Student: 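The structure under discussion is supplied below as structure tokens; questions concerning it will follow.
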There are 2 protein chains.
Amino acid sequence: MTDIQQNGAARPLPRVATIFDVARVAGVSTKTVSRVLNNEARVADDTLARVRAAVADLDYRPNPNARSLAGRRSYLIGLFYDNPSRNYMADIMGGAIRRCQEKGYHLLTEPCEADDPNLPRMMVSVAARFRLDGLILTPPIVDRPDVLDAIAQANVPLVRIAPRTDPARTPHVHMDDEAAARLAAYHLADLGHTRLGMILGHPDHGAAELRRRGFMNAAAERGLTLSPDHVLPGDFSFARGFAAAEQLLALPNRPTAIFAGNDDMAAATVAAANKHGLQVPRDLSVIGFDDSPIAQVIWPPLTTIRQPTMAMAAAAVDLLIGDTDPEPVRQLGFELMVRQSTGPVGG
Amino acid sequence: MTDIQQNGAARPLPRVATIFDVARVAGVSTKTVSRVLNNEARVADDTLARVRAAVADLDYRPNPNARSLAGRRSYLIGLFYDNPSRNYMADIMGGAIRRCQEKGYHLLTEPCEADDPNLPRMMVSVAARFRLDGLILTPPIVDRPDVLDAIAQANVPLVRIAPRTDPARTPHVHMDDEAAARLAAYHLADLGHTRLGMILGHPDHGAAELRRRGFMNAAAERGLTLSPDHVLPGDFSFARGFAAAEQLLALPNRPTAIFAGNDDMAAATVAAANKHGLQVPRDLSVIGFDDSPIAQVIWPPLTTIRQPTMAMAAAAVDLLIGDTDPEPVRQLGFELMVRQSTGPVGG
DNA sequence: ACTTTATTAGACAACGTTGTCAGATGTCCC
DNA sequence: GGGACATCTGACAACGTTGTCTAATAAAGT
């Protein structure tokens, strides 16, 4: 135990090729190398080729610190978030990191408090100091007007994911929660269910209301109206969903199918059914929303609507980097994943 | 939709205070400010106070890029991982990021491929270029000898989380999986169970074998031996766990309690029991390992062993930064979380 | 042939810190 | 009182890029 290498002071890292080395090998000035690296126009074809060859030869990569110190860019994108759901954030971060890697960017992830009054100042300060090339915001901080104001005033590019207010204000990425929820209603109606129940999402989360509206409207189209006591509030948490489900299942005229505002609450509904001796889907159909990992880690696996979370994060990165389609709003598709938690009524 | 602010070229970020501003305000040289910022010795008390005041006054924070370009450090720690489990990585990242924030560091997270032959070169290259202050490795790449060699040769401080091979080789953080698994066996024995079953973890993961050994030995201490057909291989996945559980439950002399190598497989066991009309814990006790989020998002909630994942990541950061206890190995505690998936034999 | 203009390339100064090294000041001892 | 020493501070040169400005060359227009 005593001869374990200690992490200490002096540590001469291996020398890495610099822009000078490349310039020397290619027989040009450092500035020309820089031009090639940054795809600036006006470099003669053969110069370009020579520089490219030297870069490849030396396995040269520009030092990001020097780059962002000297230039205006950092090749760094900031992701600020307040931890609503682990799975959601894991997907967001995963999708963003992957795309960043592809594009030669890096992601700086900064947890924060959604109700911190200092948030605007803090974000601008980090952005300025790191010279962030852009910011990505996720719900719920995506809708704080003071944050949006500060970022706009500081001139930091911003892409919001799933904003609920003021959509025209910034570029953003979103999906059509309402249309997705309609799909859930059609699916249940097609299976012959007529007594539908719903457990709502967190009222502060914009998507919750959209999902409610889509589900109710689509049900109405099929001639089904939900009785008021079959629609219970929730907050996207398992515990609250479990309580709501128990309440629904105790009703004398209980629903034969329940649409939960997200997968956690759908899982809670399945669990509550199990607890009360009801078989899913024979006695009760359950449909969730998100297609989070939990959907496939319970039995029966959940029928749910796949929300393209990773793709949304990737699209947000694309919008920030701006080397693709300049359309500042991107709407992504969803998909109904039919698994085994739904079935014909009485089935 | 046309007047949405586009992310474009020129964007004058707000001016932030530099070390020169602080020096001017405090009436000292920039070098002295630097000394104060880096806690170097030999600064007179009143100078120190003046500089500190100026820093606070201007809300000055050193520019990280300039800092790591000029100095030897980056205040950046690299976390390389190959995505084994979402929940596990979310905990690792969360724990590491939080501690980094506290210490004024940042975390660079880099997904990679565990079997990429280029991994060593790639890691050293990133470390050198970013002047990373250290590297954190998680299973399974934590055990690749070529990676360890390359990092050692490049002189990059390294802390491993839960290494299985060569523990004396580097500082590391771990927990005593064997002792933890013993706890599971004692718990079941105390409840009166005599027919115990186990679903093993992935054979490539060092912890799997430790958990098996601990469980079996502790059971033996209590006079219980597991019949060979009550110990089934698994791989930490829900699907594989589900199949194994179904196989165990179909046995004529099925176990009354099952210890699964992790929570996903424990959840699968509960699910399989539900599917076959068995009530947990009345007809079957199930105990998991990890205390991952899924433990509380099924019903009944899982009795499981809490693995201090976030704390391990935080400890890894501490070891790298090295401003605390210099002991290069840190073993963290675990805890038996008794919930509702275990109960006395026969209900 | 001679300017004008586009194209390509280089010299050199930023960028905001820390490292090195030397200078200034104060303290102690003989 | 003067040297040796410890303590504190500052000037200045890195660090590795990009921005700005200017020079050299080639192409085009008169």
Side-chain angles (χ1 to χ4, degrees), chain A residues 9-24 26-51 54-55 58 60-76 104 125 128-131 133, chain B residues 9-51 54-55 58 60-76 104 125 128-133:
Chain A
R11 38 178 201 101
L13 287 180
R15 208 186 113 66
V16 207
T18 73
I19 201 171
F20 289 97
D21 301 317
V22 177
R24 186 170 35 70
V28 297
S29 74
T30 60
K31 178 64 217 192
T32 296
V33 176
S34 169
R35 267 189 274 262
V36 173
L37 293 173
N38 294 284
N39 296 314
E40 289 177 29
R42 316 256 154 84
V43 179
D45 284 352
D46 62 328
T47 319
L48 194 82
R50 276 211 318 285
V51 172
V55 166
L58 297 169
Y60 165 77
R61 310 281 189 80
N63 177 313
N65 293 306
R67 210 173 206 194
S68 71
L69 181 58
R72 293 198 180 86
R73 354 197 26 189
S74 63
Y75 294 88
L76 210 53
S125 162
R129 190 155 31 246
F130 279 89
R131 290 231 195 286
D133 287 356
Chain B
R11 39 180 200 98
L13 287 178
R15 207 186 114 67
V16 207
T18 73
I19 201 171
F20 289 99
D21 301 318
V22 177
R24 187 170 33 71
V25 169
V28 296
S29 75
T30 59
K31 179 64 217 190
T32 297
V33 177
S34 169
R35 268 189 274 263
V36 172
L37 293 172
N38 295 284
N39 297 313
E40 290 177 29
R42 315 259 156 81
V43 179
D45 284 352
D46 60 330
T47 319
L48 195 80
R50 275 210 319 286
V51 172
V55 166
L58 297 169
Y60 165 78
R61 310 281 188 80
N63 177 314
N65 292 306
R67 212 173 203 193
S68 71
L69 181 58
R72 293 198 179 86
R73 355 197 25 189
S74 62
Y75 295 89
L76 211 52
S125 162
R129 189 155 30 246
F130 279 90
R131 289 227 194 288
L132 294 186
D133 287 357

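Source: prediction; values computed, not measured. Labels below follow one simple rule: chain letters A, B, ... track the order of the sequence lines, proteins then strands, and each chain is numbered from 1.
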Student: Quick check: closest heavy atoms across Thr30(A) and Ala23(A), and the distance to 0.1 Å?
Tutor: N-CB, 3.8 Å
Student: Round to the nearest Å and state the distance from Asp45(B) atom CG to dT7(D) atom C1'.
Tutor: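 Rounded to whole Å, this separation is 12 Å.
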Student: Mind checking if Ser68(A) touches a base, just sugar-phosphate, or nothing, with heavy atoms under 4.0 Å?
Tutor: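 Since no nucleic acid heavy atom lies under 4.0 Å of Ser68(A), the category is nothing.
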Student: In whole angstrom, what separates Leu37(A)'s CG from dG19(D)'s C1'?
Tutor: 15 Å
Student: What's the closest nucleotide to the Asn63(A) side chain, out of dC8(D), dT17(C), dT17(D)?
Tutor: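 The closest nucleotide is dT17(D).
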Student: Tell me the closest heavy-atom pair linking Val16(B) and Asp21(B), and the distance in Å.
Tutor: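 Taking every non-hydrogen atom into account, O-OD2, 4.3 Å.
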Student: Could you please name the option among dT18(C), dG16(D), dT8(C) that lies closest to any side-chain atom of Ala44(A)?
Tutor: dT8(C)
Student: Look at the side chain of Ala70(B) and decide which nucleotide, out of dT18(C), dC8(D), dT18(D), has an atom nearest to it.
Tutor: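 From the listed options, dT18(C) comes nearest.
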Student: Could you list by number each residue of residues 26-35 of chain B showing a heavy-atom separation from DNA chain D of less than 4.0 Å, or answer none if no residue does?
Tutor: Val28(B), Ser29(B), Lys31(B), Thr32(B), Arg35(B)
Student: Going by heavy atoms in the side chains, are Arg67(B) and Asn38(B) under 4.5 Å from each other?
Tutor: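 Answer yes - side chains close enough.
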Student: Using modelled atom types only, decide if a donor and an acceptor are shared between the side chain of Asn65(B) and the backbone of Leu69(A) within a distance under 3.5 Å.
Tutor: no
Student: Between Val28(A) and Val51(A), is any pair of side-chain heavy atoms under 4.5 Å apart?
Tutor: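 Yes, their side chains come closer than 4.5 Å.
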Student: In terms of side-chain heavy atoms of Glu40(B), which of dG19(C), dT18(C), dG19(D) is nearest?
Tutor: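 From the listed options, dG19(C) comes nearest.
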Student: From CG of Leu69(B) over to P of dT18(D), roughly how many Å is that when rounded to an integer?
Tutor: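 Whole-Å distance recorded here is 12 Å.
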Student: From CZ of Arg131(A) over to C1' of dT17(D), roughly how many Å is that when rounded to an integer?
Tutor: 13 Å
Student: Quick one, Leu76(B) and Ser68(B) - any side-chain contact, counting heavy atoms below 4.5 Å?
Tutor: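 Contact flag for Leu76(B)/Ser68(B) side chains = no.
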Student: Would the number of heavy atoms belonging to other residues, nucleotides or ligands and lying under 6.0 Å from CG of Asp45(A) be above 12?
Tutor: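 Not buried by this count: 12 neighbours or fewer within 6.0 Å.
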Student: From CZ of Arg42(A) over to C1' of dA24(D), roughly how many Å is that when rounded to an integer?
Tutor: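 The answer, rounded to whole Å, is 16 Å.
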Student: dT9(D), dG16(C), dG16(D): which one has an atom nearest the side-chain heavy atoms of Thr47(B)?
Tutor: dT9(D)
Student: Please work out if Tyr60(B) contacts a base, only the sugar-phosphate, or nothing of the nucleic acid, heavy-atom cut-off 4.0 Å.
Tutor: sugar-phosphate
Student: Rounding to an integer number of Å, can you tell me how far Leu48(A) CG sits from dT7(C) P?
Tutor: 16 Å
Student: Over how many whole Å does the gap from Leu76(B) atom CG to dT17(C) atom P extend?
Tutor: 17 Å
Student: Using whole Å, what does the distance between atom C1' of nucleotide dT18(C) and atom CG of Asn65(B) come to?
Tutor: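 Computing the Asn65(B):CG to dT18(C):C1' distance gives 14 Å.
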Student: Using a heavy-atom cut-off of under 4.0 Å over every strand shown, decide if Asn38(A) touches base, sugar-phosphate, or nothing.
Tutor: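 Counting heavy atoms under 4.0 Å across all strands, the contact made by Asn38(A) is with sugar-phosphate only.
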